[in-house]
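Notes for the one structure printed next.
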Amino acid sequence: MRIFIAFMAAIALMAVSAIPASAQLPSVQVKDLSGKTVDTATLSNDGNPYLISFFATWCKPCKRELSAIAENYEDWQDETGVKMYIVSIDEAQNSQKVKPLVDAEGWPYEVLLDPNGDFYRSLGIQSVPHMLVLDGNGKIVESHSGYTDGSEHEIIEKIRSLKAEK
């Protein structure tokens, strides 16, 4: 069983979308939880690496991943300066479920809403959870779909390697 779990974890981490390495974010209009329009091309982290996680309120693996990262997020920020944006792909009629979920889980991330899936589709993403790792210049350096318990350790190692390259 351990071999199977390890195999599945490896497959999940290797699942890469059609996003080319070193691609920049497209310019798509999304909203934050207060209703303010945000241009995705302007997402940044003051020269530090950042993460963008696409999720949905109905997605159990999404919730597990975001909660697992939340357990270590403050330490990650202290160590690397990383920032995380989470982007809900819930349809407009379900968007009102996002803030209560984020509040209930205590997720400390910046939350964006993509109810029409424009941002999601512009990147060629086809399933959630989907994580993008961006360097301090806003270039996508890693993209993967799915989540298995423990794969958040791979994410912080990638962030650490980006900080070391700086």
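Note that the coordinates shown come from a computational prediction; the quantities given were computed from them, not determined experimentally.
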Check your understanding: What's the spacing between Met131 CE and Ile86 CD1 if we round to 0.5 Å?
Key -> 9.5 Å
Point to revise | Donor-acceptor contact present, side-chain Asn45 to main-chain Gly47, <3.5 Å | key: no
**Study point:** Spacing of CD belonging to Glu154 relative to OG1 belonging to Thr148, to within rounding of 0.5 Å
**Key:** 9.0 Å
Check your understanding: Is there a donor-acceptor pair under 3.5 Å between the side chain of Arg121 and the backbone N or O of Gln126?
Key -> no
Exercise for review: Rounded to the nearest 0.5 Å, what's the gap from CD1 on Ile69 to CZ on Arg64? Could you check?
Suggested key: 12.5 Å
Check your understanding: Do the non-hydrogen side-chain atoms of Lys163 and Pro49 ever get within less than 4.5 Å of each other?
Key -> yes
**Study point:** side-chain contact (heavy atoms from CB on, under 4.5 Å) evaluation trace for Phe119 with Ile89
**Key:** CA-CA 9 Å; Phe119 186 30; Ile89 64 159; over 6 Å; no
Exercise for review: List for me each residue that meets side chain to side chain contact (heavy atoms under 4.5 Å, CB included) alongside Lys63, sequence neighbours excluded, and say none if there are none.
Suggested key: Leu101, Trp107
Exercise for review: Measure the spacing between CG of Leu162 and NZ of Lys139 and express it to the nearest 0.5 Å.
Suggested key: 12.0 Å
Check your understanding: With Ser44, which residues qualify under side chain to side chain contact (heavy atoms under 4.5 Å, CB included), at least two apart?
Key -> none
Check your understanding: Pairs in or reaching into residues 79-88: which pass salt bridge (charged side-chain N to carboxylate O under 4.0 Å, His left out), with residues at least two apart or in two chains?
Key -> Glu79-Arg160, Lys83-Glu110
Check your understanding: Residues in side chain to side chain contact (heavy atoms under 4.5 Å, CB included) with Asp39, at least two apart?
Key -> Ser27, Gln29, Ala41, Thr42
Exercise for review: State, yes or no, whether a side-chain contact exists between Asn48 and Thr80 at a heavy-atom distance under 4.5 Å.
Suggested key: no
Exercise for review: Give a yes or no on whether the backbone of Val87 and the side-chain of Tyr109 come within a donor-acceptor separation of less than 3.5 Å.
Suggested key: no
Review point. Does the side chain of Ser67 come within less than 4.5 Å of Glu105's, by heavy atoms?
Key: yes
Check your understanding: Do we see a donor-acceptor contact under 3.5 Å between the side chains of Tyr147 and Glu152?
Key -> yes
Exercise for review: State, with a plain yes or no, whether a side-chain heavy atom of Ile140 is found less than 4.5 Å away from one of Leu25.
Suggested key: yes
Practice item. Begin from the C-alpha positions of Asp32 and Val111 and carry the test side-chain contact (heavy atoms from CB on, under 4.5 Å) through to its verdict. Key: CA-CA 6 Å; Asp32 66 13; Val111 183; over 6 Å; no
Review point. Among all residues two or more places apart in sequence or in another chain, which pass the side chain to side chain contact (heavy atoms under 4.5 Å, CB included) test with Lys60?
Key: none
Distance-only check: which donor-acceptor pairs under 3.5 Å involve side-chain atoms of residues 50-58, not counting sequence neighbours?
| residue | atom | partner | partner atom | Å |
| --- | --- | --- | --- | --- |
| Tyr50 | OH | Leu43 | O | 2.9 |
| Thr57 | OG1 | Asp90 | OD1 | 2.7 |

Study note, to complete from the structure: For Pro108 and Tyr73, the nearest pair of non-hydrogen atoms, with its separation, is CG-CD2, 3.4 Å
Revision key, fill the gap. Nearest heavy-atom contact between Val82 and Gln77 is O-CG, 3.2 Å
Practice item. Find out whether Ile155 and Glu65 are in side-chain contact, i.e. whether some heavy atom of one side chain is under 4.5 Å from a heavy atom of the other. Key: yes
Exercise for review: Could you grab the distance from atom NZ of Lys99 to atom OG of Ser88, nearest 0.5 Å is fine?
Suggested key: 13.5 Å
Check your understanding: Can a donor-acceptor pair be found between the side chains of Thr37 and Lys31 at a distance below 3.5 Å?
Key -> yes
